[in-house]
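A short write-up of the structure that comes next.
Numbering of ligands and ligand atoms starts at 1, following listing order.
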Amino acid sequence: MSKWTLCGSGYDREQTVTDGNRFLCANGYMGLRGVFEEADSTWFPAITLSGVYDQYQDRWREPVNAPHCLYARVLFNGRAMAIGALEPVSHRAGIDYGDGLYHRDTDFGPVAIRSERFVSMAETHLLCDRIELRCAEAGEVTLYTGISTDIWDINGPHLFDFGYQQGEALLVRAVTGEKRITVASAQCIQADFAAEETFEQQDAGLFRVLRCRVRPGDVLCAAIFGAVYTSQDVAHPAEAAQALCRAMKARGFADCLTAHRAAWAEISRCSEVHLEGDDDAALGLHASQYHLNSIAPRHADSLSIPARGLSGQTYKGAIFWDSEIFFFPMFVYTQPEIARSLLRYRIETLPGALKKAAAYGFRGAFYAWESQEGGEEGCTNFNVVDVFTHRPVRTYFRDKQIHISGDIAYALRSYYEITGDRSLLEAGGARVILECARFFISRACCHADRAAVDYADVIGPDEYHERVTNNAFTNRMIRHTMESALLLREIFSDRADWFDGLLRELDYGRDWQLLHDLCGRIAQPVVRNGVIEQFDGYFALEDCPLDTVRSRLCHPREYWGGDHGVAGVTQIIKQADVIAMLALFPEDFPLETIAANWAYYEPRTEHGSSLSACMYALTACRLGRPELAWDLFMRTATIDMKGCGKEWAGEIYIGGTHPASNGGAWMIAALGFAGLRMKNGQPEIHPHLPEQITRLSFPIVAGGRRLRVTVTRDWGVIDSDF
Ligand code: IFM
């Protein structure tokens, strides 16, 4: 076990959901929840697939979970040696965040089960488990392994028309209900003991049953190779899954593990932040990087990352602004090819955004608030269920969070500024920026008697205040989008013909003029004593402490936002909003403004979203006050290890891993404590180390060069990194 191991001991059913998240093994293609091998659906096991969605009847569309091909269950003299069926003498489970190896050690008395497993970083479709049975008594051991179809679904079922095949490579194949996508799971086993082999096919799946007599002291060992393919990957997913299992069985567990570890070592080389001075912080940061790296779409050119990663079906497996604002920075600075994949996903889903804007009567690109495959909007009109009436609550996230289009344009421009590479802009990125800007032109509200252009009826990052006018964050993002569109001419000054051709193709002539006209007229927020008003009328809302608002709750899971929520009529906000703007546009604001807003908004912020704390931490560092950032950093970095994120919004389960916090932890370390930023195409650092940290060192890629940033209390340097 390495120093990056997180281990829990004892078993508590209440911990099942948290453990499933914090011990998640993933490789961008799929995520295997950190639940023991014998778990049935009541323990929430899942192999969640990236980019495969299904809708069952009129329930929420969500990602599909594959049949569970690392299922294993042990019997001793016919009695289940399984958590839930028999109280273990001892139980430990955990994960090594260095290489993503999950391990469990459960002593049931007659038999102790020890296993280690991983989702391969080297072979996209492969999962491996090595299970060891230590026998303390004489008797008959049955090892029951196979492919379980008793899987966790929030809004399922999603798989139908099951087909089964026995043999060396077991196979379960099924199709999704909505789009008839084939999902195939296969499993092979390599046992080092002689056993009688039979097969069992049941409603719950297809299993191989190995029976043998044991004596005290016997140790039985088996390696299990699972594979998952879908018809989105290959024409013949069943054959591909079986072939991969057989090939990996021939290769052996040890070799598969070596290849997996080598792939993780390479990821660490490109991205690992070495933090010295505080071991808990170092572990939290490492765990955060593990979680974000493990769900990166390394296997695909154009795919993004859901807001709860691959830890299940929460939030419909959808892509939010989290991708561009919270995940993108770590990737663009460490593994730009992944940043490109996130952005290509937006380029390819532009048609969905054009369609959405048109459906609301606007022009240009209005991206889905919760984007699924093809850019389809996954966000429903009723995204919360009231805990008192059990009625769905009309929420306006999909209709009014227009900043999403600006967030995407922001990331596209950052990609160009950080990498110096304009090829992504040429390959569709410029078109996206222009269409987002066009959407904001058509969404503007102009008044005959007012020079300023308003953006009315919007929702900013603080979702508790719905349908407001001139949200400062949103307006700033809109201006940035328009400025970015105009800047494209300069970026392509040596390819003027190409750029003019693009404008002609988009029929952009009049809009280009409008951009010039509107850009400088977007309503500026009211500023009182240096504090920027979050939206028009915010200062007039009741100004009371967070605890007062909390004390008004009648139910612990009550939703704070919306028409009847406790926060809406007050100045209490859900998450960083003005502060998010200051974090994303630090150069625009003097330090006194940042200080005044930090002091005003922080006590009024519930931090009810995992996207909040890191924005406050970043701005605290900007102020040269890293001591203010420390607790926020620790909260951000340890959210998944501790399982302390919010799990309910009204009656809707919103738990899972928190990639935005994972990315936020990297941002605080690199952009906050080390103060990394780009200036005129060159990286600079402005370190603000908190007293707990003695040294930070991490690799980056900037302007196409591999560099290493090292910061101590006394000095900081950016060197070449080989
Ligand atoms: O994107 C966020 C949003 O800002 C707050 N609610 C959760 C979403 C997904 O993380």
Residue portion contacting ligand 1 (non-hydrogen atoms closer than 4.0 Å) for Leu611: side chain
Contact with ligand 1 for Lys574, non-hydrogen, under 4.0 angstrom: yes
cation_pi(Arg443, Phe366) dist<6.0 Å, angle<=45: no
Within the 6.0 Å centroid threshold, strictly below: [X] and [Y]:
X: Phe320; Y: Phe326; result: no
X: Phe44; Y: Tyr653; result: no
X: His465; Y: Trp560; result: no

Donor-acceptor contact below 3.5 Å, side chain Thr48 vs main chain Ser311: no
Shortest non-hydrogen contact between Asp54 and Glu178, atoms and distance: OD1-N, 2.8 Å
Around [atom], find the nearest protein heavy atom and jot down its residue, atom name and distance.
atom: atom 2 (C) of ligand 1; answer: Asp322 OD1, 3.6 Å
atom: atom 7 (C) of ligand 1; answer: Tyr315 OH, 3.3 Å
atom: atom 3 (C) of ligand 1; answer: Glu463 OE2, 3.6 Å

For [X], the ligand 1 atoms whose distance to one of its heavy atoms is below 4.0 Å:
X: Phe320; result: 1 (O), 8 (C), 9 (C)
X: Ala307; result: 9 (C), 10 (O)
X: Gln575; result: 4 (O), 5 (C)

Ligand 1 N/O within reach of Trp321 N/O, cut-off under 3.5 Å: yes
Within-cut-off N or O pair, Ser609 and ligand 1, under 3.5 Å: no
Residue pair Gln571 / Gln534, side-chain donor-acceptor N/O under 3.5 Å: no
